[in-house]
Amino acid sequence: MYLASSVLLSVGLLGQVIFAAPGASTLKACKELSKALPDRVSFPLSINYYQEASEYWSTALRDIKPACVVLPTSAPEVATAVKVLNKYPDVKFTAKSGGHDPNPGHATVRDGVLISLSEIAGTAYDKSKNVAYVKPGGEWNDVISTLAKEGVTVVGGRLGIVGIGGYLLQGGISFLSAQYGLAADSIVGWELVTANGTIINVDASDEPELAVALRGSGSQFGIVTQFTIQAHPIGKVWGGLRIYDDSKTEEVFKALHEFVPGNNKDEKAAIIVANLFTAGSARSFVIFYFYDGEKPSTTGPFADFLEIDSLIDITNTQTYPELLKANGFGASLLNSRMSFRTTTIPYITNNPGIYAEISNEMRRITKDYTEDILHLTSQCSIDFQPLSAVVGKHTEARGGNAMGLTATDPDRIILEIQCSWADEKDDEVVRQFSRDMTSWVERRIPAWLEGQDNSEDAYLPLFMNDAMADQNVTGSYRDYAKLKSLQLQADPEGVLRTRTGGFKY
Ligand SMILES: Cc1cc2nc3c(=O)[nH]c(=O)nc-3n(C[C@H](O)[C@H](O)[C@H](O)COP(=O)(O)OP(=O)(O)OC[C@H]3O[C@@H](n4cnc5c(N)ncnc54)[C@H](O)[C@@H]3O)c2cc1C
Ligand SMILES: *[C@@H]1O[C@H](CO)[C@@H](O)[C@H](O)[C@H]1NC(C)=O
Ligand SMILES: *[C@@H]1O[C@H](CO)[C@@H](O)[C@H](O)[C@H]1NC(C)=O
């Protein structure tokens with residue numbers, strides 16, 4: 001059994017080996033890494049290499065093979081790896097936590113050095129300080145279930161299967177964001193390996209400017225080996241998902257329009273409205289509901305949502321870890337090539353019609369493709385994610401983030417355009433649907449904004465967690481210039497800026 005499978009593995013990998021062409025300096029760097037970190041570096045044909053180089057959410061990333069994989073178990077081992085890599089300036093490398101970012105070249109590095117943090121995992125709670133120490137490997141299910149035993153939680157993923165490191169570094173939107181801000185806003189300390197391989201500890205109260213930069217700049221300040229996160233109390237919660245057919249479109253969008261400002265008064269409520277476009281250009285909705293309490297509110301916009309008749313209803317009262325597990329279940333079955341793209345839209349008080357406009361345009365863009373019998377398993381969705389004004393209030397109270405949310409923010413909605421498909425030859429076709437969609441929205445925004453006189457409405461920063469690699473996320477941040485100069489200070493040689501994956505300044 002073991003022999004048979006390892007033979008199969010070798011045959012499968014030989015194909016990769018033949019095509020792969022790491023340069024001589026990369027091979028040398030890998031060799032030096034394996035001397036400096038015995039047993040921590042693996043090469044093609046080994047099980048560790050195969051696992052780490054294949055564990056990605058989007059199947060499209062599983063073919064992008066590194067020259068070698070470093071599997072450190074501690075911050076000093078990460079530091080050693082980065083120090084060795086500093087000697088090889090033309091060798092590309094990148095860090096991976098959960099591997100959920102679907103962008104090629106972010107947590108993957110073709111023919112370079114992959115530093116996988118899957119062994120740097122685990123969560124501990126310090127009751128006296130009410131903080132959690134969270135390591136980047138593993139998934140949110142682990143963190144949330146460990147903390148729930150202490151009656152606390154941290155602001156984190158909404159689907160338990162999502163990775164931790166990348167999520168927290170890019171900002172992170174949570175069911176708890178209307179109560180406490182983005183996930184990164186609750187981070188008060190970072191243990192990180194800097195560009196030159198030094199381990200530093202950043203304390204948000206000692207270095208407030210760097211803390212702001214670390215909340216939403218992605219991978220550009222170092223490899224984070226531990227986050228210290230302010231904990232929040234949690235008990236039983238109410239939530240789950242409901243599915244609706246196309247006939248409920250008008251009701252759903254009406255409820256969404258009421259919910260966004262309503263969330264400012266009912267901070268315990270959260271929703272994700274996912275508008276799905278599937279085979280035969282069928283349109284439906286999956287709505288994730290969350291309420292931080294045993295029972296949802298019985299009046300107000302959240303309650304109005306719950307009045308809409310659904311086809312399937314799996315909402316109920318449960319523990320928070322149970323909810324996150326259930327939410328991730330469907331997504332864990334997907335085995336597809338995936339793409340994300342995002343845009344942020346203003347809340348247009350007197351125009352509840354813009355969501356249907358957006359949805360109709362997405363249906364138009366994807367129609368021919370989804371109607372083709374060859375694409376039965378492909379789908380796209382637009383997720384409408386409320387970013388109500390109250391989120392910025394919490395951001396500011398906690399010291400601020402790179403995305404530049406503030407206490408004077410207006411309501412906004414983050415759109416995530418997600419597609420999944422089977423065939424490699426469709427990669428560019430499908431990614432282009434999302435690009436067409438966001439450029440259409442961005443062209444429409446000025447017209448939607450006419451008649452709204454709050455100048456803050458025009459500040460529409462992109463949300464990094466949901467973005468596509470070619471989007472200029474950091475360039476959309478209010479304090480781009482200041483953040484960029486901090487990045488230049490932290491990484492004067494451009495080790496991270498020019499050699500690793502992820503969004504750049
Ligand atoms: C099913 C699903 C559900 C999701 N739900 C949410 C949600 O509720 N809210 C939300 O905000 N986002 C959500 N996302 C998006 C998610 O936040 C991003 O995909 C995020 O990148 C995942 O984190 P990861 O650890 O898997 O990142 P990875 O794919 O491992 O890495 C992403 C980027 O971060 C860098 N990186 C990773 N770890 C480190 C580290 N320790 N130090 C330095 N750089 C690092 C990598 O080099 C790469 O550039 C979801 C994604 C999926 C697939
Ligand atoms: C991103 O946007 C910033 C700010 O507008 C700009 O200065 C920068 O050149 C842009 N970067 C790219 C790669 O387009
Ligand atoms: C390495 O980087 C750290 C932090 O960015 C800095 O303080 C230190 O001086 C650098 N060390 C060397 C040897 O350059």
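Annotation: Glu250, atom CD; neighbour count of heavy atoms from other residues, nucleotides and ligands within 6.0 Å does not exceed 12. For Glu371, the CD atom counts as densely surrounded, since its 6.0 Å shell holds more than 12 non-hydrogen atoms of other residues, nucleotides or ligands. Heavy-atom neighbours of Ile373 CD1 from other residues, nucleotides or ligands within 6.0 Å: at or below the threshold of 12.
A cation-pi geometry, defined here as NZ or CZ lying under 6.0 Å from the six-membered ring centre and within 45° of its normal, does not hold between Lys484 and Tyr477. For Arg398 and Tyr180, the positive end is not near the middle of the six-membered ring at less than 6.0 Å and at most 45° from its axis.
The shortest side-chain heavy-atom distance between Ile413 and Thr344 does not fall under the 4.5 Å cut-off. Between Thr123 and Val154, the closest side-chain pair of non-hydrogen atoms is not below 4.5 Å. Residues Phe93 and Arg499 form a side-chain contact, since some pair of their non-hydrogen atoms from C-beta on lies under 4.5 Å apart. Residues Phe221 and Leu169 form no side-chain contact, since every pair of their non-hydrogen atoms from C-beta on lies 4.5 Å or further apart. Considering only heavy atoms from C-beta on, Leu460 comes within 4.5 Å of Pro346 through its side chain. When side chains are defined from C-beta on, Tyr347 does not count as touching Pro410, because their heavy atoms never get closer than 4.5 Å. The shortest side-chain heavy-atom distance between Ser378 and Val430 does not fall under the 4.5 Å cut-off. Side-chain atoms of Ser281 and Thr366, non-hydrogen and from C-beta on, never get closer than 4.5 Å to each other.
A distance of 9.5 Å separates CD of Gln418 from OG of Ser434, quoted to the nearest 0.5 Å. The distance from atom CG of Asp313 to atom CD1 of Ile287, rounded to the nearest 0.5 Å, is 11.0 Å. Between the CZ atom of Phe433 and the CZ atom of Phe277 there is a distance of 12.5 Å, given to the nearest 0.5 Å. Taken from OG in Ser388 to CG in Asp266, the straight-line distance is 10.5 Å, to the nearest 0.5 Å. Separation of atoms CD (Glu139) and NZ (Lys325) is listed at 8.0 Å; rounding is to 0.5 Å. Note: Thr474 OG1 to Gln487 CD = 9.5 Å, rounded to the nearest 0.5 Å.
Of all heavy-atom pairs spanning Gly181 and His394, the tightest one is N-CB, 3.5 Å. The shortest non-hydrogen separation linking Arg412 to Leu405 is NH1-CD2, 3.5 Å. Residues Pro386 and Ile271 share a closest heavy-atom pair of CD-O, 3.6 Å. Contact detail for Gly502 and His106: the closest heavy-atom pair is N-CD2, 3.4 Å. Closest of all the heavy-atom pairs between Leu496 and Ser219 is CD1-O, 4.3 Å. Here the shortest heavy-atom pairing between Ala467 and Asn103 reads O-ND2, 3.0 Å.
A donor-acceptor distance shorter than 3.5 angstrom exists from the side chain of Asp491 to the backbone of Val495, with no hydrogens or angles considered. Side-chain N or O atoms of Asp372 include none that pairs as donor or acceptor with a backbone N or O of Tyr369 at under 3.5 Å. Side-chain atoms of Asp411 come within 3.5 Å of backbone N or O of Ala389 as a donor-acceptor pair. In this structure, Asn465 contributes its side chain and Gly172 its backbone to a donor-acceptor pair below 3.5 Å. Under the 3.5 Å distance criterion, the side-chain polar atoms of Arg215 are matched with a main-chain donor or acceptor of Ile187. A donor-acceptor pair under 3.5 Å is formed between the side chain of Thr59 and the backbone N or O of Arg337. No side-chain donor-acceptor contact under 3.5 Å links Ser217 to the backbone of Leu214. Between the side chain of Lys504 and the backbone N or O of Thr500, at least one donor-acceptor pair lies under 3.5 Å. Checked by atom type and distance alone, the side chain of Ser186 never pairs as donor or acceptor with a backbone atom of Ala183 at under 3.5 Å. Under a 3.5 Å cut-off, the side chain of Thr94 and the backbone N or O of Gly501 do form a donor-acceptor pair.
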Q: Let me see the working for Tyr320 and Leu176 under side chain to side chain contact (heavy atoms under 4.5 Å, CB included), right down to the final yes or no.
A: CA-CA 11 Å; Tyr320 192 40; Leu176 304 172; 3.8 Å; yes
Practice problem: Please assess Met362 against Asn275 for the test side chain to side chain contact (heavy atoms under 4.5 Å, CB included), listing each intermediate value before the final yes or no. | Solution: CA-CA 10 Å; Met362 190 64 186; Asn275 193 192; over 6 Å; no
**Item:** Residues Arg283, Asn360; criterion side chain to side chain contact (heavy atoms under 4.5 Å, CB included); working and verdict
**Value:** CA-CA 10 Å; Arg283 183 163 65 171; Asn360 291 340; 2.8 Å; yes
>> Arg431 vs Glu428, test: side chain to side chain contact (heavy atoms under 4.5 Å, CB included). Steps then yes/no.
In response: CA-CA 5 Å; Arg431 288 189 185 121; Glu428 272 318 295; 3.3 Å; yes
| message | Using side-chain hydrogen bond (donor to acceptor under 3.5 Å, both in side chains), reason through Glu191 and Thr225 one step at a time and then give a plain yes or no. | response | CA-CA 6 Å; Glu191 175 188 76; Thr225 47; 2.5 Å; yes
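Ion pairing between a basic and an acidic side chain is recognised when a charged N comes within 4.0 Å of a carboxylate O; Lys254 and Glu251 show no such pairing. For the pair Arg341 and Asp470, the salt-bridge criterion is met [side-chain N within less than 4.0 Å of a carboxylate O].
For the ring-ring contact (aromatic ring centres under 6.0 Å, His included) with Tyr167, the qualifying choice from Phe463, Phe227, Trp140 is Trp140, the only one to do so. With Phe253 as reference, Phe285 is the one residue of Phe259, Tyr244, Phe285 to meet the ring-ring contact (aromatic ring centres under 6.0 Å, His included) rule.
For the 3.5 Å distance criterion, the side chains of Asp383 and Gln385 fail to qualify, holding no donor opposite an acceptor. A donor and an acceptor atom, one from each side chain of Asp101 and Trp57, are nowhere located under 3.5 Å apart. Side chain to side chain, Gln471 and Thr342 fail the donor-acceptor criterion of an N or O pair below 3.5 Å.
Taking the six-membered ring where the residue is Trp, His257 and Tyr355 present tilted rings, their angle falling between 30° and 60°.
Phe290 has its ring centre no less than 6.0 Å from the ring centre of Phe302.
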